[in-house]
Amino acid sequence: GTTELDEGKITILDAAFRGSSSTTSTGVHGLRTINIGAGVNIASIGKQAFTYQILLRNINIDPTASIAVIGESAFENCLQLTSFTVPATVTSIATKAFAGCESLTSIQFATEGATELEIADFAFMNCTRIATITLPDHLGEFRSTAFEGCDSIKEIKVSATNKHYINDENGILYKKEENSTALTEL
C-alpha cells in the first residue's frame, strides 16, 4: 500500500500507522511507500508513527515539503527501508527514530535553507548496513551513541565548515568546545 500526504500543515500522531512485529496482532500492515507531496508542512512525525512497517521500502519527500521533528521510534524496525533523505527543515531526530532499520544503507541530509539539527541518542541504533555517514553543516547537537550498534560504519565525516564538530586527519570526530580551542573526542 501507499500513503500519500498532500498540502497543508499536519501532525502525524503517535502510533498512527504503527505496524506490528507479528502479522497476527493489531496494527497497520503492508505499507510499502510513503509519498509526502509538494507544500506539505509536517510539524511532527509522532512517537512510533510508522514503527514496525516491515515492508516499507520508500519514503519520497518532495523538496518543497517540510518536516520539523522526527519523533521517538518514528520509523523503528522498518526492516526494508534502504535510504532516507532528512529534509533541511528537520530540527530534531529523536531517540530510536530509525533504530533497527537493518536495510538502511544511505542517510543523506538536505542542506539548502537548513535549520540547526539535533540527533538524539540511539537515533540510528542497529542500522547495521550503514558504512559511511556524512554529517551536515547545520548539525548543532549530536550524541555519540546515535549510531550505536551500527557495526558496518567505517567513517563518520563532518564538513570542515561545521561550527560544532570537526574530523582530524585520521577521521576521528571531535566536538568543538564553545568559546575555546579545546576538542572533545566522540
Side-chain angles (χ1 to χ4, degrees), residues 1-19 27-28 31-127 130 133-143 145-147 150 158-159 162-165:
T2 299
T3 295
E4 304 225 7
L5 302 175
D6 289 308
E7 296 184 18
K9 185 173 185 172
I10 60 173
T11 296
I12 299 174
L13 299 176
D14 293 353
F17 298 95
R18 187 182 194 287
V28 177
L31 193 59
R32 288 178 170 79
T33 301
I34 299 169
N35 294 317
I36 300 174
V40 173
N41 181 354
I42 298 175
S44 174
I45 298 176
K47 181 178 181 178
Q48 298 184 346
F50 295 95
T51 295
Y52 282 112
Q53 282 299 328
I54 58 176
L55 300 178
L56 181 63
R57 289 181 180 266
N58 302 299
I59 302 171
N60 305 311
I61 304 170
D62 185 277
T64 64
S66 71
I67 299 171
V69 174
I70 299 174
E72 183 179 335
S73 301
F75 296 99
E76 185 175 6
N77 293 315
C78 289
L79 303 179
Q80 293 187 31
L81 184 64
T82 58
S83 65
F84 186 77
T85 299
V86 179
T89 55
V90 172
T91 59
S92 175
I93 300 175
T95 302
K96 294 184 166 184
F98 292 91
C101 293
E102 59 189 37
S103 296
L104 193 62
T105 59
S106 174
I107 304 162
Q108 303 294 318
F109 295 90
T111 58
E112 190 172 330
T115 55
E116 191 165 278
L117 171 65
E118 176 183 342
I119 301 176
D121 287 315
F122 312 113
F124 296 95
M125 181 176 77
N126 296 328
C127 293
I130 298 171
I133 184 81
T134 302
L135 300 172
D137 282 348
H138 61 282
L139 180 66
E141 190 63 38
F142 168 74
R143 303 288 193 267
T145 57
F147 295 97
C150 297
V158 66
S159 168
N162 185 287
K163 296 180 207 172
H164 305 285
Y165 297 91

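Just so it is clear, the structure is predicted and the values come from calculations on it, not from any experiment.
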Nearest heavy-atom neighbours spanning [X] and [Y]:
| X | Y | answer |
| --- | --- | --- |
| Ala94 | Gly71 | CB-C, 3.5 Å |
| Cys127 | Gly100 | SG-N, 4.4 Å |
| Ala123 | Ile93 | CB-CG2, 4.0 Å |
| Ile107 | Ile133 | CB-CD1, 3.7 Å |
| Gly37 | Ala65 | O-CB, 3.4 Å |
| Ser66 | Asn41 | OG-OD1, 3.1 Å |

May I ask you to test the [X]-[Y] pair for a side-chain heavy-atom distance under 4.5 Å?
| X | Y | value |
| --- | --- | --- |
| Ile34 | Leu56 | yes |
| Asp137 | Thr111 | no |
| Ile61 | Thr85 | no |
| Ile54 | Asn77 | no |
| Lys96 | Met125 | yes |

First locate atom [atom1] of [X], then atom [atom2] of [Y], and finally report the distance between them rounded to the nearest 0.5 Å.
| X | Y | atom1 | atom2 | value |
| --- | --- | --- | --- | --- |
| Lys47 | Ile45 | NZ | CD1 | 16.0 Å |
| Asn60 | Thr33 | CG | OG1 | 6.5 Å |
| Leu55 | Gln53 | CG | CD | 7.5 Å |
| Asn58 | Ser83 | CG | OG | 7.0 Å |
| Gln108 | Phe84 | CD | CZ | 11.5 Å |
| Leu79 | Leu104 | CG | CG | 11.5 Å |

Test side-chain contact (heavy atoms from CB on, under 4.5 Å) applied to Ile36 and Asp62, step by step
CA-CA 6 Å; Ile36 300 174; Asp62 185 277; over 6 Å; no
Is it the case that the side chains of Thr51 and Gln48 hold a donor-acceptor pair, with the cut-off being a distance below 3.5 Å and no angle test?
no
Does any donor atom in the side chain of Thr95 or Asp121 lie under 3.5 Å from an acceptor atom in the other side chain?
no
So, does Thr82 use its side chain to make a donor-acceptor pair with the main chain of Ser103 at under 3.5 Å?
no
Do Asn162 side-chain atoms and Pro136 backbone N/O form a donor-acceptor pair below 3.5 Å?
yes
Using the ring of each side chain (for Trp, its six-membered ring), is Phe109 parallel, tilted or perpendicular to His138, with breaks at 30° and 60°?
perpendicular
Angle class for the Phe142/Tyr165 ring planes (parallel below 30°, perpendicular above 60°, tilted otherwise)?
perpendicular
Is there a side-chain contact (heavy atoms from CB on, under 4.5 Å) between Phe98 and Val86 once you walk through the steps?
CA-CA 12 Å; Phe98 292 91; Val86 179; 5.6 Å; no
Check step by step if side-chain contact (heavy atoms from CB on, under 4.5 Å) holds for Glu118 and Glu116.
CA-CA 7 Å; Glu118 176 183 342; Glu116 191 165 278; over 6 Å; no
